[in-house]
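For reference, the structure is listed below as structure tokens.
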Amino acid sequence: MPMDTVVKPAIVTCTAPVNIAVVKYCKCHMYPCIVSLADMLPFNTFQRHWGKRNEDLILPINSSLSVTLDQDQLKTTTTVASCRSFQEDRIWLNGKEEDINHPRLQSCLREIRRLARKRRNDLDCSVDMGCLSHKVHICSVNNFPTAAGLASSAAGFACLVYTLAQVYGVDGELSGIARQGSGSACRSMYGGFVQWIMGEREDGKDSVAQQVEPESHWPDLRVLVLVASAERKPVGSTSGMQTSVETSSLLKHRAKSVVPDRMKQMIEAVHKRDFATFAELTMRDSNQFHATCLDTYPPIFYLNTVSRQVISLVHQYNRHYGEARVAYTFDAGPNAVIYTLQQHVAEFFHVVRHFFPPDNNGKKFLTGIQVEPVSISEELKNAICLEPMPKGISYIISTKTAWFQSKQCEVISVFPCVLKAGPGPHVLEDPSQHLLGADGLPKENA
Ligand SMILES: Nc1ncnc2c1ncn2[C@@H]1O[C@H](COP(=O)(O)OP(=O)(O)OP(=O)(O)O)[C@@H](O)[C@H]1O
Ligand SMILES: C[C@@](O)(CCOP(=O)(O)OP(=O)(O)O)CC(=O)O
């Protein structure tokens, strides 16, 4: 290549959503010390998971179900640039270069490139020969705290896989690849209400996500994320789950005897928009997930005093009204995610504000969908027997459910085999959305 030739990278930028599980996932690990896992799964399934399973595939021990959140409030944005002048694959995450050799990143890159190669061979398309050998530069930012129990790995890996797929012209079922980045990421490949079917095959090919209902199915469902801590959590979901699978007998009981029925009931509740059932199942499942953390040896504590106060507040609020109006769920961190209906958002928000008076330091207590001012009755305040906990909650993100709306920014050059658009991509005219510049390096502030 002559030195004076300007080589422009192909650049694609996409966004992907967070999802919050209402039936939680736990993954299978192949550790000889948990032979008792044998009685946890049906025999065939057990055989598949035990002995033959490849650890890197990230296969769950039970199916799970989640709600995809609106990208207006919480999202990952990822730009991938591909260019023949790049010397090596590189990644920048939230402004800092990270190790591209991380096995989970490598799995996603390898699998997408494998699909691209297969597609090229199937179509007998040789024009893009060079592109598959090009290295990529990846730049990604989350507009919310990373590794704080707010599902950054789900949005992050879903976005990475989706964007790489656009660059390489790959379409079709991609959730199985996102799963290999982070288990919960497979559910972020779809909008609305999404189940991750655990599958039976030993190669994990049937362990994929599937939309149960689109977001338009339940338009008045609302979500409040109560951020008690935006710090990186001390025990990551991955290592926490590993210890739980090795040591918790409650986890085995949960996977074998609780989750299969709960999945059916939850799907039914979603189909019928039955909030009371949805709420009770959500809270029970969160409680059981954290009970398995306590049953882990040594135990893992993700909930803190604020989390427990929120749990108590929700139950007392629902008891006051004699029905489940709000539901909490907690992932691997102390931050509560509240599901409720539009008509209860304002009152519940003000109840939370009353019992967790914010710091008036100028930072907004509420971000996202605005909430109208309402006054809380003395009767309701008195019905909730809690000592106010000033500054227990730093801020609240108010949001709703959403489709996975990928936003594909300007495509500077496309490979000849890229003919089909991905699911609902939206081409933005504004190249300023790219996180990488024409030199393939992160722009300032990316
Ligand atoms: N935008 C991103 N692109 C690629 N990888 C990401 C991105 N965001 C997060 N990750 C990866 O996910 C890791 C955090 O995952 P982890 O499961 O510990 O936290 P979380 O997903 O925020 O919380 P939880 O899964 O408990 O809800 C990061 O350390 C990083 O490796
Ligand atoms: C508690 C959870 O949020 C666990 C999420 O775990 P991750 O998907 O982050 O774990 P890895 O597959 O190891 O990346 C429950 C859930 O989202 O189902």
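Both ligands and their constituent atoms are indexed starting at 1 by order of listing.
With hydrogens and angles disregarded, a donor-acceptor distance shorter than 3.5 Å links the side chain of Asn335 to the backbone of Ala228.
Ranked by closest heavy atom to atom 17 (O) of ligand 2, the top entry among Lys24, Arg179, Arg187 is Arg187. The residue among Ser182, Ser286, Cys186 with a heavy atom at the shortest distance from atom 7 (P) of ligand 2 is Ser182. By heavy-atom distance, the residue among Asn19, Asp331, Asn62 lying nearest atom 3 (O) of ligand 2 is Asp331. For atom 13 (C) of ligand 1, the candidate residues are Cys159, Ser182, Ser153, Ser140; the nearest heavy-atom contact is made by Ser153. Considering only non-hydrogen atoms, atom 1 (C) of ligand 2 lies nearest to Phe289 out of Trp196, Tyr25, Phe289.
Residue Tyr317 forms a ring-ring contact (aromatic ring centres under 6.0 Å, His included) with just one option from Phe355, Phe349, Phe348, and that option is Phe348. Each of Ile112, Val170, Leu109, Thr78 was scored for a side-chain contact (heavy atoms from CB on, under 4.5 Å) with Val161, with one residue passing: Ile112.
The environment of Arg308 atom CZ is dense: over 12 non-hydrogen atoms of other residues, nucleotides or ligands sit within 6.0 angstrom.
Proximity to Thr76 (heavy-atom distance under 4.0 Å) selects the following atoms of ligand 1: 1 (N). Within the listing of ligand 2, atoms 11 (P), 13 (O), 14 (O) sit less than 4.0 angstrom from a heavy atom of Arg104. Under a 4.0 Å criterion applied to the non-hydrogen atoms of Gly156, ligand 1 contributes the atoms 1 (N), 2 (C), 3 (N), 7 (C). Heavy-atom contacts of Ile58 reach the following atoms of ligand 2: 12 (O) (cutoff under 4.0 Å). Ligand 1 places these atoms under 4.0 Å from at least one heavy atom of Leu150: 22 (O), 23 (O), 27 (O). Close contacts between ligand 2 and Ala21 involve ligand atoms 16 (C), 17 (O), 18 (O) [criterion: under 4.0 Å to a heavy atom]. Taking every heavy atom of Ala332 and a limit of under 4.0 angstrom, the matching atoms of ligand 1 come to 26 (O).
Taking only nitrogen or oxygen atoms, main chain and side chain alike, Ser152 reaches within less than 3.5 Å of ligand 1. Any N or O atom pair closer than 3.5 Å counts here, and Ala151 shares at least one such pair with ligand 1.
In this structure, the side chains of Ile393 and Val352 come closer than 4.5 Å at one or more pairs of heavy atoms. Annotation: side chain of Gln180 is not in contact with side chain of Arg104 (no heavy-atom distance under 4.5 Å). You'll find the side chain of Met198 stays beyond 4.5 Å of the side chain of Leu59, heavy atoms only. Using a 4.5 Å cut-off on side-chain heavy atoms (C-beta onward), Asp274 and Phe278 make no contact.
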*Mind running salt bridge (Lys or Arg N to Asp or Glu O under 4.0 Å) on Glu268 and Lys272 for me, showing each step along the way?*
CA-CA 6 Å; Glu268 181 75 4; Lys272 289 177 158 165; 3.5 Å; yes
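The proximity of Ile20 to ligand 2, defined as any non-hydrogen pair under 4.0 Å, does not occur for either the backbone or the side chain. Contact annotation: for Val141 versus ligand 1, there are no heavy atoms closer than 4.0 Å. Proximity of Asn94 to ligand 1, defined as any heavy-atom pair under 4.0 Å, is not found for any part of the residue. Only the side chain of Ser153 comes within contact range of ligand 2, with a heavy atom under 4.0 Å; no backbone atom does.
Side-chain rings of Phe86 and His137 approach one another, their centers coming within less than 6.0 Å.
Counted by atom type alone, Ser207 and Trp196 present one or more donor-acceptor pairs between their side chains at under 3.5 Å. Side-chain contact, Thr340 with Arg222: no donor N or O sits under 3.5 Å from an acceptor N or O.
Contact analysis puts Asn142 in contact with ligand 1, with a non-hydrogen atom separation below 4.0 angstrom.
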